[in-house]
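One structure is given here, and the rest of the page talks about it.
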Amino acid sequence: MDNTYFLSQSSSLTLVIVISLVFAVLGIYHSKKFQGISNYLTANRNIELFSLTTSLVASALGAWILFGPVAAATWGGIGAVIGYALGTAFPMIFLIYFGRKIRSEFPKGSSLIEFMRKKFGKSLFKLILLMTIFYMFIFLCAEVTAVAVLINYLSGTDLWITALIVLLATLTYTLYGGLRASIFTDNIQMIVIGFLLLILILIISSSTGDNFSFALIKEKNPQLLSSSYIPSYTAGLTFFIAVAATNLFHQGNWQRVYAARDYNTLKSALIISFFVIVPIVFLMGFIGMVSFSIDPSARPDLGFFTLLLKEQTEMLSLIIIILGLALTISTVDTLVNAISSLFVVDGKATFNLDKKTDYLKISKYFIVFLSLIAFGVASKGFDILYLFLLADLFCCAFVFTVFYSFYNKVNEKTAYVSIIIGLIGGFLMFPYPDFSKSLLVGGLMSKDLFSPFVTQSLLFLSFVVATFLPAVILKLKSN
């Protein structure tokens, strides 16, 4: 075994294959008795509380929780941690209200886009559909890349090998069993995730001793807990706005809104999910601050592993791989089925193909095509954070107009104008890849004309502008 790694490639590869195959076999076996388009799209609308709750949580918590909150906490402090946790969980609260609305007005539906198609004309719904698929595709790339990078970090396994195995296994059972297979495997994956996360956090807590506390952070990096630390507020609001907005457009969530046996089941599952997600994401962010306080020279996004793997421990590495795979596959199967379902449900209205066209079959080809691109991205280990932020910006520009229309009549032209103006405003403030300037600040106009707060908070301001400018337009149009 190479001394720079924690585990041999053969051990990690064997585990990846075995775990992926287990989930694939379980998914196929379970969904054999639940065939048909209704099961594929909405699990026949009879999912009970436990299954719905575990599926909502498992789908929300991808491999990103091992990297994102941990890294964000090192520069955004307690505000970033709270914003990340609430941003991830808050859509569950929104869905209690939006879910009731959409289930009562459109009981036979299976997607948010269908509802939008009834509200608006055919051109605007296509724009919303395109944005939704773009966001979920970026999410798919990020998840596969994250698990490939994780296993490469632990064992040196080539990125493409992990990406190929995970995608093949997940596509096999998800394209066969649809939402029914996804929810069933989510139940098992969430039990695995909860159990292993608890073990690993207890190990970190016991191994760091008294250092696993806010006292250490306050001593070493007091700014991370300071109420006067401005980046804490901007980071918190940035993550809350961006993560909450994007998750509201996640078709996987809307499928589960329709899959619930009844509204009371849905409401209970969403409330429980909220209270499960918040502490998990918060704890990961807290671990990031502790890791940064103990060793500021360590890579911020690897803080969780830095604390856990102080010594080269094979058993811990195996546990981390199982956790990483469970987190990734539970999210990837949700994304695969969500994108496929959008194609099935909204394909006919979008493409106007021959009446005999099998949209389910075409959707599977489309998913395989997108998965090939995701495989290419993951194989190269591209940092797709910037693309993710761009997808977040799109969602921010759409979110107010789309959900305002749930309760208020909005003219299609007005909706178009509000979204486009939100996008333009957001793009003008959206930072370049090096985050040093934006199209407006430092581009069209000199940075000297703007305050330090503006030049240092471009991402935050771009999300704020993209989110709230459409609200101003809608308000003006309604007067």
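FYI, the numbering just counts along the sequence from 1.
When side chains are defined from C-beta on, Leu458 does not count as touching Phe450, because their heavy atoms never get closer than 4.5 Å. The closest side-chain heavy-atom distance from Leu150 to Thr162 is not below 4.5 Å. At a threshold of 4.5 Å between non-hydrogen side-chain atoms, the residues Leu179 and Ser341 do not count as touching. Residues Ile113 and Gln251 fail the side-chain proximity criterion, which asks for heavy atoms closer than 4.5 Å. Annotation: side chain of Phe274 is in contact with side chain of Leu86 (closest heavy-atom distance under 4.5 Å). Phe382 has its side chain out of reach of Thr145: every pair of non-hydrogen atoms, C-beta onward, lies at least 4.5 Å apart. With a 4.5 Å cut-off on side-chain heavy atoms, Val368 and Lys364 do not count as touching. Between Leu41 and Tyr258 there is no side-chain heavy-atom pair separated by less than 4.5 Å.
Separation of the Phe463 and Phe240 ring centroids does not fall under the 6.0 Å cut-off. Less than 6.0 angstrom separates the ring centroid of Phe90 from the ring centroid of Phe94.
In terms of modelled atom types and a separation under 3.5 Å, the side chain of Thr334 and the main chain of Ser330 share a donor-acceptor contact. Counting only distance, with no hydrogens or angles, the side chain of Lys119 and the backbone of Ser405 share a donor-acceptor pair below 3.5 Å. Checking side-chain atoms of Ser418 against main-chain N and O of Pro470 turns up no donor-acceptor pair under 3.5 Å. Checked by atom type and distance alone, the side chain of Asn152 never pairs as donor or acceptor with a backbone atom of Asp158 at under 3.5 Å. Side-chain N or O atoms of Gln255 include none that pairs as donor or acceptor with a backbone N or O of Ser110 at under 3.5 Å. Judged purely by atom type and a 3.5 angstrom limit, Ser226 has no side-chain atom pairing as donor or acceptor with the backbone of Pro222. The main-chain N or O of Leu309 is never found under 3.5 Å from a side-chain atom of Thr313 such that the two would form a donor-acceptor pair. Proximity of a side-chain donor or acceptor of Asn411 to a complementary backbone N or O of Thr414 within less than 3.5 Å is detected. Side-chain atoms of Ser340 never come within 3.5 Å of backbone atoms of Val336 as a donor-acceptor pair (strictly under, hydrogens ignored). Panel note: side chain Asn221, backbone Gln223; no donor-acceptor pair is recorded below 3.5 Å.
Distance check, rounded to the nearest 0.5 Å: CG of Leu440 to CZ of Phe430 gives 14.5 Å. Between the CG atom of Leu393 and the CZ atom of Phe427 there is a distance of 5.5 Å, given to the nearest 0.5 Å. Separating the CD1 atom in Ile133 from the CG atom in Leu140 is a distance of 12.5 Å, to the nearest 0.5 Å. Between the CD1 atom in Ile294 and the NZ atom in Lys220 there is a gap of 9.5 Å [rounded to 0.5 Å]. With rounding to the nearest 0.5 angstrom, the CZ atom of Phe23 is 10.5 Å from the OG1 atom of Thr328. With values rounded to the nearest 0.5 angstrom, Ser462 atom OG is found 9.5 Å from Leu390 atom CG.
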Please report the C-alpha distance between Lys126 and Leu130 in whole Å, then the side-chain angles of each, then the deciding distance to 0.1 Å, and finally whether the side chain to side chain contact (heavy atoms under 4.5 Å, CB included) criterion is met.
-> CA-CA 6 Å; Lys126 287 178 184 177; Leu130 182 65; over 6 Å; no
Working for side-chain hydrogen bond (donor to acceptor under 3.5 Å, both in side chains), residues Asp333 and Thr185 | CA-CA 9 Å; Asp333 67 13; Thr185 52; 3.1 Å; yes
Please report the C-alpha distance between Thr331 and Trp64 in whole Å, then the side-chain angles of each, then the deciding distance to 0.1 Å, and finally whether the side chain to side chain contact (heavy atoms under 4.5 Å, CB included) criterion is met.
-> CA-CA 10 Å; Thr331 307; Trp64 60 267; 5.6 Å; no
Does the side chain to side chain contact (heavy atoms under 4.5 Å, CB included) test come out yes or no for Ser232 and Ile78, once each step is laid out?
-> CA-CA 6 Å; Ser232 183; Ile78 192 69; 3.9 Å; yes
Does the side chain to side chain contact (heavy atoms under 4.5 Å, CB included) test come out yes or no for Lys447 and Val454, once each step is laid out?
-> CA-CA 9 Å; Lys447 288 174 71 173; Val454 171; over 6 Å; no
Between Arg117 and Thr350, is a side-chain hydrogen bond (donor to acceptor under 3.5 Å, both in side chains) present by the stated rule, with each step listed?
-> CA-CA 10 Å; Arg117 203 163 73 223; Thr350 305; over 6 Å; no
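In this structure, Tyr135 and His250 have perpendicular ring planes: the angle between them is above 60°, well past the 30° mark. The aromatic rings of Trp254 and Phe406 are tilted relative to each other, their planes meeting at an angle between 30° and 60°. In this structure, Tyr84 and Phe239 have parallel ring planes: the angle between them is below the 30° cut-off, well short of the 60° mark. Relative orientation of the Phe343 and Phe366 rings is tilted, given thresholds of 30° and 60° on the angle between their planes. Ring planes of Tyr153 and Phe6: tilted class, angle from 30 to 60°.
The only option from Ile65, Leu318, Leu66 that meets the side-chain contact (heavy atoms from CB on, under 4.5 Å) definition with Leu323 turns out to be Leu66. Of the residues listed (Phe98, Tyr97, Phe398), the one engaging Phe403 in a side-chain contact (heavy atoms from CB on, under 4.5 Å) is Phe98, and it is the only one. Partner Val399 forms a side-chain contact (heavy atoms from CB on, under 4.5 Å) with one of Ile241, Thr467, Thr246, Ile419 and no other, that one being Thr467.
Qualifying side-chain contact (heavy atoms from CB on, under 4.5 Å) partners for Leu237, counting only residues two or more places apart in sequence or in other chains: Phe460. By the side-chain contact (heavy atoms from CB on, under 4.5 Å) test, Ala415 pairs with Phe120, Leu124, Thr401, Val410, sequence neighbours left out.
Within a 6.0 Å sphere centred on CH2 of Trp75, other residues, nucleotides and ligands contribute more than 12 heavy atoms. Within 6.0 Å of OH on Tyr432 lie more than 12 heavy atoms contributed by other residues, nucleotides or ligands. More than 12 heavy atoms of other shown residues, nucleotides or ligands fall within 6.0 angstrom of atom OH in Tyr407. Other residues, nucleotides and ligands contribute over 12 non-hydrogen atoms within 6.0 Å of the NZ atom of Lys101.
Nearest heavy-atom pair across Asp186 and Ser55 is OD2-OG, 2.8 Å. Residues Phe67 and Asp301 share a closest heavy-atom pair of CD2-O, 3.5 Å. Scanning both residues, Ser12 and Leu7, for their nearest heavy atoms gives CB-CD2, 3.8 Å. Among all heavy-atom pairs drawn from Phe249 and Cys395, the shortest one is CE1-O, 3.5 Å. For Phe214 against Leu225, the heavy-atom pair with the smallest separation is O-CD1, 3.6 Å. Listed here is the closest heavy atom pair of Leu316 and Leu308: CD1-O, 3.5 Å.
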